[in-house]
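Okay, so here's the structure we're looking at.
Quantities reported herein were computed from a predicted structural model and do not represent experimental measurements. Here is the naming used below: chain letters follow the sequence lines, and residue numbers restart at 1 for every chain.
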Amino acid sequence: MVKLSELPNFRVHLSQLLQQAALTLKVDHALNIEITRTKQVSHGDYSCNLAMQLAKTLHKNPREIAGMLIDAMPESAYVEKIEVAGAGFINFFIKDDAKRLYLNHILQSGDRYGASDFGNGEKIQVEFVSANPTGPLHVGHGRGAAFGASLANVLAKAGFSVTREFYVNDAGRQMDILALSAWLRYLALNDVQVPFPENAYQGEYVKEMAKLIYEAHADRYVHQPAVLLDGLSEAAHEEVINTDEQLDRMIANAKKILGQDYAYIHNFVLTEQLGDCRNDLMEFGVEFDIWFSEQSLFDNGLVARAVRLLDEKKQLYRQDGALWFRSTEFGDEKDRVVQRENGHYTYFASDIAYHLNKFERGYTKVINIWGADHHGYIPRVKGALQALEQDPDKLKIALVQFAVLYRDGKKASMSTRSGEFVTLRELRHEVGNDAARFFYVMRKSDQHLDFDLDLAKSQSNENPVYYVQYAHARICSVLAQWDGDAASLIDAETDLLTGPAERVLLQCLIDFPDTIEAAAQEFSPHLIAFYLRELASEFHSYYNSTHFLVPEIPIMEARLALVMSIRHVLKNGLELLGVNAPEKM
RNA sequence: GUGCCCGUAGCUCAAUCGGAUAGAGCACCAGCCUUCUAAGCUGGGGGUUACAGGUUCGAUUCCUGUCGGGCACGCCA
């Protein structure tokens, strides 16, 4: 029997053994020892390709080097045997009783199993969603939300100190357009007829906000609309308004007419939309630590400061009346405007201030989750940080591709024009939160996602969400029928678990922390989804091949100890993805 | 036109930052419920990893080119 107080991390342990063995080979350069899981049982449990890596520098046959490494390796209480295989792989077979230590550990740690100190408590920020509060979240935001939330959970589980942040674009033109849109709808409710611009916000939710204002304040915000169309072409009075210039003119006129009241309208629509967004996300299981206001960057002078700092570094110049940042000096395709000819700062300017602020808040790593259509934006932001003498590599951008909905095998419309897009809320109500969360992270984030609505809805074996949840529910059902004291399973004689399915399952459970670590390192929560499906699959197979509630008490308890451990891991894994682990289905 | 991403089974996708015989699910075919939930299981067929070269012990992965698809190329956000 192996006796050790501490739970062994096999990969770390084996890596240390190799490290020691490598000393005898007198290699002068740094070693990159990677321990990987094997794909085939005949190759053992873990494998290392170090011998092949060293073949070139040592001018020796990899298999010969592997033999030397094995000879030089210290004895280990965990290792059953070591073999040289193939071109020079070193394959490790772990002792079964060493693996079984994990069952005891999982039963004791329960909800905490899977956690590691991989991240060393490093302060890391994940900024995601950050949708303009100008309308309901749509299915594209949903993927960013699900991905970001899952990634943040994974990072936290892997030992990082994670802050989840939503950047609120509460400054700028889009909010003005929304405020104008709502006010125009409000005027219409008061029987004041003004043409509604085609490029204003058309959605029904705008009319609803107008109605709220009307119900609370009646005609309190009705002002002379006559000058609203001042400065617009004569045609606009009769015909359509659809250019940016016309829209901006109307906004300016509205501000003039409303005076102090404009702030009320602006603030009202912002509060409404942000509240709606927050509710939507909360129902989706996505929560944030910080809602960071873009407007606050202006109010606190941080935008002006960031621009001034760039100027001090001689990174700005004036041309055509605008202020430009020399981003081409830092790899961008062209220089970018930070302050427009009309004196307004660009979105880029506040973004520079925002990112500088993030760095100054002490995060050692800052992760931005962006829609893939923003990829061209990366060089200028990193360039600006570099210009400000910050380390641009601390900023990591995770790009999330669009999700395309399919219904009846056909693309479902998600046009943002005319307000007829599919909202996240609609999706959640149609397929449920669990399916939505799971489907969103089933694919690598930087790949297009075909979201099959019919599949997500189907309560059948085709649906991968139910497949995993069903495994959990089955276990709960078995445990309920056993009706014993779960705590007693810690003393089960787990050395009775010698069947092939049991050994595979045990190794699968041991892999859980490694999977989380990999998902954290590669920003790939989809690895968790794949892992869970694999574990569920192994469990279902075990369930069908082996009866758990057998008369022989020790065997029953041993199997239940394994099954209970699986339950913990399924639950913990689903939790990372924000998916429920139901006890009954 | 320029830049970035992608191209893997009929379909949707994996493949542990160059590793061993490229794996799942769906679909298709053949089986399994008087036994802890059949939302399950077992078995089977299915591949020149778009194409052509190159780098090396070894390539789906890295480099070059071609073809095909997506996105981005504003004093918008």
Side-chain angles (χ1 to χ4, degrees), chain A residues 34-40 42-43 47 49 52-53 55-56 61-62 85-89 91 132 134 169 171-175 177 244 294 319-324 333-334 336-342 344-348 350-351 371-379 399 401-402 406 409 442-444 446-452 455 458-471 473-482 511 514-515 517-519 521-522 524 526-527 529-530 533-534 536-537 539-550 556 559-560 563 584-585:
Chain A
E34 283 196 14
I35 307 293
T36 55
R37 282 273 291 117
T38 56
K39 289 174 187 166
Q40 290 179 59
S42 63
H43 293 155
S47 179
N49 64 357
M52 288 178 282
Q53 284 182 39
K56 189 173 277 179
N61 180 320
F89 292 99
N91 291 338
N132 277 340
T134 53
N169 296 115
R173 182 164 176 267
Q174 295 304 318
M175 280 308 303
I177 298 174
D244 284 349
E294 180 189 5
Q319 184 181 307
D320 302 331
L323 202 54
W324 298 71
E333 291 174 355
K334 55 170 289 193
R336 309 290 174 176
V337 171
V338 291
Q339 191 173 26
R340 284 182 265 169
E341 196 176 358
N342 64 11
H344 289 106
Y345 289 111
T346 59
Y347 176 86
F348 179 43
S350 49
D351 238 14
D373 53 333
H374 285 71
H375 73 263
Y377 201 71
I378 298 172
L399 294 176
Q401 289 279 2
F402 287 124
Y406 284 83
M442 260 194 330
R443 305 278 177 256
K444 273 201 316 215
D446 58 353
Q447 300 292 321
H448 283 278
L449 170 67
D450 285 350
F451 196 119
D452 187 333
L455 179 60
S458 74
Q459 303 213 343
S460 76
N461 55 354
E462 299 169 14
N463 194 326
V465 189
Y466 291 117
Y467 185 80
V468 177
Q469 290 182 319
Y470 185 48
R474 266 184 156 177
I475 292 172
C476 292
S477 174
V478 169
L479 293 171
Q481 285 170 65
W482 167 57
D511 289 337
D514 286 345
T515 304
E517 199 175 297
Q521 187 153 27
E522 296 165 38
S524 298
H526 77 277
L527 293 175
F530 277 89
R533 197 150 65 171
E534 174 69 21
S537 170
F539 168 75
H540 284 309
S541 181
Y542 181 45
Y543 181 92
N544 276 273
S545 69
T546 311
H547 210 74
F548 307 149
L549 301 175
V550 292
M556 178 191 74
R559 289 176 181 166
L560 289 179
V563 164
K584 281 181 186 170
M585 287 177 72

For atom CG of Asp373(A) and atom P of rG74(B), their distance in whole Å: 14 Å
Between rC13(B) (P) and Phe451(A) (CZ): distance, integer Å: 13 Å
side-chain contact (heavy atoms from CB on, under 4.5 Å) partners of Asp373(A), counting only residues at least two apart: Phe402(A)
Test ring pair (Phe, Tyr, Trp, His ring centres under 6.0 Å) applied to Phe451(A) - qualifying residues, sequence neighbours left out: Phe439(A), Tyr440(A)
For nucleotides 19-23 of chain B, print each protein N/O atom paired with a nucleotide N/O atom at under 3.5 Å, atom names and distance only.
{"unit_1": "rG19(B)", "atom_1": "N7", "unit_2": "Asn49(A)", "atom_2": "ND2", "d": "2.8"}
{"unit_1": "rA20(B)", "atom_1": "OP2", "unit_2": "Lys39(A)", "atom_2": "NZ", "d": "2.9"}
{"unit_1": "rA20(B)", "atom_1": "N6", "unit_2": "Ser47(A)", "atom_2": "OG", "d": "2.6"}
{"unit_1": "rA20(B)", "atom_1": "N6", "unit_2": "Asn91(A)", "atom_2": "OD1", "d": "2.7"}
{"unit_1": "rA20(B)", "atom_1": "N1", "unit_2": "Asn91(A)", "atom_2": "OD1", "d": "3.3"}
{"unit_1": "rA20(B)", "atom_1": "N1", "unit_2": "Asn91(A)", "atom_2": "ND2", "d": "3.0"}

Asp244(A): partners by side chain to side chain donor-acceptor pair (under 3.5 Å), with sequence neighbours left out: Arg173(A)
Closest nucleotide among rC13(B), rU16(B), rC75(B) to the Glu522(A) side chain: rU16(B)
side-chain contact (heavy atoms from CB on, under 4.5 Å) evaluation trace for Val550(A) with Arg559(A): CA-CA 10 Å; Val550(A) 292; Arg559(A) 289 176 181 166; 3.9 Å; yes
Partner residues of Ser477(A) under the side chain to side chain donor-acceptor pair (under 3.5 Å) criterion, sequence neighbours left out: Gln481(A)
Pair assignment for RNA chain B - dot-bracket with | for other-strand partners, Watson-Crick or G-U under 3.5 Å: (((((((..((((.....[...)))).(((((.......))))).....(((((..]....))))))))))))....
Side-chain N or O of Lys334(A) closer than 4.0 Å to phosphate OP1/OP2 of rC75(B): yes
Please list, for nucleotides 36-38 of chain B, all pairs of protein and nucleotide N/O atoms separated by less than 3.5 Å.
{"unit_1": "rC36(B)", "atom_1": "O3'", "unit_2": "Gln481(A)", "atom_2": "OE1", "d": "3.2"}
{"unit_1": "rC36(B)", "atom_1": "O3'", "unit_2": "Gln481(A)", "atom_2": "NE2", "d": "3.0"}
{"unit_1": "rC36(B)", "atom_1": "O2'", "unit_2": "Gln481(A)", "atom_2": "OE1", "d": "3.2"}
{"unit_1": "rC36(B)", "atom_1": "O2'", "unit_2": "Gln481(A)", "atom_2": "NE2", "d": "2.8"}
{"unit_1": "rC36(B)", "atom_1": "O2", "unit_2": "Leu549(A)", "atom_2": "N", "d": "3.2"}
{"unit_1": "rC36(B)", "atom_1": "N3", "unit_2": "Phe548(A)", "atom_2": "N", "d": "3.1"}
{"unit_1": "rC36(B)", "atom_1": "N4", "unit_2": "Tyr543(A)", "atom_2": "O", "d": "2.7"}
{"unit_1": "rC36(B)", "atom_1": "N4", "unit_2": "Thr546(A)", "atom_2": "O", "d": "2.4"}
{"unit_1": "rU37(B)", "atom_1": "OP1", "unit_2": "Ser477(A)", "atom_2": "OG", "d": "2.6"}
{"unit_1": "rU37(B)", "atom_1": "OP1", "unit_2": "Gln481(A)", "atom_2": "NE2", "d": "2.8"}
{"unit_1": "rU37(B)", "atom_1": "OP2", "unit_2": "Ser477(A)", "atom_2": "OG", "d": "3.1"}
{"unit_1": "rU37(B)", "atom_1": "OP2", "unit_2": "Gln481(A)", "atom_2": "NE2", "d": "2.9"}
{"unit_1": "rU37(B)", "atom_1": "O2'", "unit_2": "Tyr470(A)", "atom_2": "OH", "d": "2.0"}
{"unit_1": "rU37(B)", "atom_1": "O2'", "unit_2": "Arg474(A)", "atom_2": "NE", "d": "3.0"}
{"unit_1": "rU37(B)", "atom_1": "O4", "unit_2": "Met585(A)", "atom_2": "N", "d": "3.1"}
{"unit_1": "rA38(B)", "atom_1": "OP2", "unit_2": "Arg474(A)", "atom_2": "NH2", "d": "2.5"}

Sugar-phosphate only, base, or nothing, as touched by Asp320(A) at under 4.0 Å among non-hydrogen atoms: base
Test ring pair (Phe, Tyr, Trp, His ring centres under 6.0 Å) applied to Tyr542(A) - qualifying residues, sequence neighbours left out: Phe548(A)
Check: Asp320(A) side chain, Ala322(A) main-chain N or O, donor-acceptor pair, under 3.5 Å: no
Sugar-phosphate only, base, or nothing, as touched by His448(A) at under 4.0 Å among non-hydrogen atoms: sugar-phosphate
Rounded distance in Å between the P positions of rG3(B) and rU12(B): 29 Å
Asp452(A): partners by salt bridge (charged side-chain N to carboxylate O under 4.0 Å, His left out), with sequence neighbours left out: none
Whole-angstrom distance between rG65(B) and rG10(B), as gauged at atom P: 30 Å
Contacts of type side-chain contact (heavy atoms from CB on, under 4.5 Å), residue Asn169(A), not counting sequence neighbours: Asn132(A), Pro133(A), Tyr167(A), Glu294(A), Tyr347(A)
With sequence neighbours excluded, residues passing side chain to side chain donor-acceptor pair (under 3.5 Å) with Gln53(A): Asn49(A)
Separation of the C1' atoms in rG25(B) and rG68(B), to the nearest angstrom: 26 Å
Sugar-phosphate only, base, or nothing, as touched by Ala55(A) at under 4.0 Å among non-hydrogen atoms: nothing
Are there any protein N/O atoms within less than 3.5 Å of an N/O atom in nucleotides 3-6 of chain B, and if so, which ones and at what distance?
{"unit_1": "rG3(B)", "atom_1": "N2", "unit_2": "His375(A)", "atom_2": "NE2", "d": "2.8"}

Phosphate-side-chain proximity, Arg340(A) and rC76(B), N/O vs OP1/OP2 below 4.0 Å: yes
Distance test, side-chain N/O of Ser541(A) to OP1/OP2 of rU42(B), below 4.0 Å: yes
